[in-house]
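Take a look at the structure below.
Reminder, nothing fancy here: chain letters follow the sequence lines and each chain counts from 1.
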Amino acid sequence: MIDLRAARQDPDAFRAALARRGAAADFDALLAADFRWRELTERAEALRAEQRRSSKGAPPGPERIAELRRLSDELASAQVEQSDAERERQDLLARIPNLPDPSAADGMTEEDSQVLRTWGEIPSFAFVPRDALDLGSPRGWIDMARGARLSGSRFAYRIGDVALTEMALYRFVLDFLASRGFLPVLPPVLAGERAMYGTGFLPTEESNLYLLERDGLYLTGTSEVALAGIHMDERLEEDQLPALYAGFTTNFRREAGAAGKDTRGMFRVHQFDKVEMYVYCRAGESREFHERLLAYEEEIAQALGLPYRVMNIAVGDLGAPAAKKYDIEAWFPVQGRYREITSCSNTTDYQARRLNVRMRGESGLEFVHTLNGTGATARALLAIMENFQDEGGTVAVPEVLGRFGAPGTIGRQSPGTAR
RNA sequence: GGAGGGUUCGCCUAGUGGCCGAUGGCGGCGGUCUUGAAAACCGCUAUGGGGCGCGAGCUUCAUCGUGGGUUCGAAUCCCACACCCUCCGCCA
């Protein structure tokens, strides 16, 4: 959430910043609700103070009790008004997105994002290249049909060489991040409402979440939730920062609103695995760490040999918690375009405020800043398959993955019984 | 799933309707003493919100697992729920 006290003090600056992402009207509604809440709070508190003063000391006599009963009734109705106003204020506050970073790209849509740079050679093929599904499906390395039979659309079996290569990719990235100071974590994938709100997936992303109603738990769409929740309500010592975590989880997304989008193959599925970076740092350091997360993502893409470009995402296309976001888009030869394979966001103090993660600094307790970024998902594997295929339909696996159990080539051996 | 025990201010703990925002100890911080340190002694030691003030600050409300209820008044009584521990059952 945003810093409401700061917003009261300089509403024009907040309104202007939020207007860049189309949230100026919501902000004004919030300020009005806040004003009302403060008025009602003052009134209720004054009554409560009077009641507390009256209930000190010896028990009151009968005529005094009649008086106090009236006061009690008055207080009760004042408190109802106050809590109604508070609920309205909280609901509005929960929907206000983070203040965008001045250097985040202008614009409201995906098309407004800025290309910062490109890397690598776009491959040219002497044959018609096949996408990952065409490469994998006929011989059983990627099986969407059986996935659909089991679980419905957008579920994939990855089998044999593809399974091993994918696992190697995650292990490679986890190792890479560990060598850069990240602590590897295997966190829970079921999380309660508090963590979902705290990370900003609720209330705005509710339709995209799987909810286990019987248990009041959500399936997380990213380990960001669990890594952000790991220090919920904690007071971090300054020497604990920066804290860098590398999580690995299976992730679940309903992909509501994505109907008809990326329906082919396993580019957009309901269940996928991911190595995620998550950083806690001091307020002054988050811009620098954002650049670092991007640099790590680029190093990984380069180690895999994937041609890519770096995008500065337009403010209107940011998730609510993000102040600024970079995407890396790899070249997909069959689609003939760059597609997102990783993403990293600076969420400044937005999640830390909601999750109540603070540190003891020079001026007392202050909220930390947090950042998140993709280490790797299977999308990198799809890019590998498309970019490094040969005419016979086999794929040369990047050498760096060999150390982690990947076969040198995908498609040389039979996938075995799954066929 | 069943039975029992528990949840209080960093940790441990006292507290069964008004004198409790809350006892005591540990830890931490400051001071006295000391060449320095330890010990001893003295003091301070939660968080969040609102109002006032340029500010140091003053003031007020909330918070004793969470949410409801009873009452003029709740850490304390009642109800529901959550979590933790022990035992039994079941299962990976």
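B:rG27 and B:rA82 have their C1' atoms separated by 30 Å, given to the nearest Å. Nucleotides B:rG50 and B:rA56 are separated by 16 Å at their P atoms, to the nearest Å. Taking atom C1' in both B:rG51 and B:rC83, one finds a spacing of 37 Å when rounded to whole Å. B:rU8 and B:rU16: their C1' atoms are spaced 15 Å apart (whole Å). Using atom P as the reference point in both B:rU34 and B:rC61, the two lie 46 Å apart (nearest Å). Taking atom C1' on both nucleotides, B:rU13 is separated from B:rU66 by 23 Å, rounded to a whole Å. B:rG17 and B:rC64 have their C1' atoms separated by 15 Å, given to the nearest Å. A gap of 15 Å separates the C1' atoms of B:rA74 and B:rC79, to the nearest Å.
Residues A:L318 and A:K325 come closest through the heavy atom pair CD2-CB, 3.4 Å.
Regarding contacts with the backbone of B:rG50, a side-chain N or O of A:R8 is found under 4.0 angstrom from either OP1 or OP2. For B:rG21, the OP1/OP2 oxygens have a side-chain nitrogen or oxygen of A:R52 closer than 4.0 Å. Taking only side-chain nitrogens and oxygens, A:S72 comes nearer than 4.0 Å to OP1 or OP2 of B:rG73.
Atom CD of A:Q79 and atom P of B:rC72 are 15 Å apart (whole Å). Here the C1' atom of nucleotide B:rU59 and the CZ atom of A:R53 are 11 Å apart, to the nearest Å. Per the geometry, CG belonging to A:L47 stands 17 Å off P belonging to B:rC72, to the nearest Å.
Within the structure, salt bridge (charged side-chain N to carboxylate O under 4.0 Å, His left out) pairs that include any residue of residues 91-114 of chain A comprise A:R20-A:D106, A:D101-A:R287 (at least two apart or interchain).
In this entry B:rA80 has B:rU66 as its Watson-Crick or G-U wobble partner, both defining distances falling under 3.5 Å. B:rC9 is unpaired under the Watson-Crick or G-U wobble criterion, no partner having all donor-acceptor distances under 3.5 Å. As the counterpart of B:rG4, B:rC85 is assigned, both hydrogen-bonding distances of the Watson-Crick or G-U wobble pattern falling under 3.5 Å. B:rG36 is unpaired under the Watson-Crick or G-U wobble criterion, no partner having all donor-acceptor distances under 3.5 Å. When both distances must be under 3.5 Å, the Watson-Crick or G-U wobble mate of B:rC20 does not exist. Pairing partner, B:rG30: B:rC42, with both Watson-Crick or wobble hydrogen-bond distances short of 3.5 Å. Nucleotide B:rC52 forms a Watson-Crick or G-U wobble pair with B:rG57, both donor-acceptor distances falling under 3.5 Å.
Remark: aromatic rings of A:Y278 and A:Y245 are distant, center separation not under 6.0 Å.
The residue among A:T41 and A:R69 whose nearest nucleotide of RNA chain B lies closer to the 5′ end is A:T41.
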Would you tabulate the nitrogen or oxygen pairs shorter than 3.5 Å linking the protein to nucleotides 46-48 of chain B?
from	atom 1	to	atom 2	distance (Å)
B:rU47	O3'	A:R358	NH1	2.9
B:rG48	OP1	A:R358	NH1	2.5

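The side chain of A:A49 approaches B:rC61 more closely than any other nucleotide in the set B:rC72, B:rG49, B:rC61. Nearest to the side-chain atoms of A:I65 among the listed nucleotides B:rC72, B:rC61, B:rG51 stands B:rC72.
Residues A:N98 and A:T348 have side chains that bring a donor and an acceptor to within less than 3.5 angstrom of each other.
Looking at residues two or more places apart in sequence or on another chain, you find a salt bridge (charged side-chain N to carboxylate O under 4.0 Å, His left out) between A:D273 and A:R158.
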message: With side chain to side chain donor-acceptor pair (under 3.5 Å) as the criterion, how do A:K274 and A:S223 come out once you've worked through the C-alpha distance, each side chain's angles and the decisive distance to 0.1 Å?
response: CA-CA 8 Å; A:K274 179 157 63 90; A:S223 39; 5.1 Å; no
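Using a distance-only test at 3.5 Å, with no hydrogens or angles considered, no donor-acceptor pair links the side chain of A:Y280 to the main chain of A:Q240.
Between A:Q335 and A:D131, the closest side-chain pair of non-hydrogen atoms is not below 4.5 Å.
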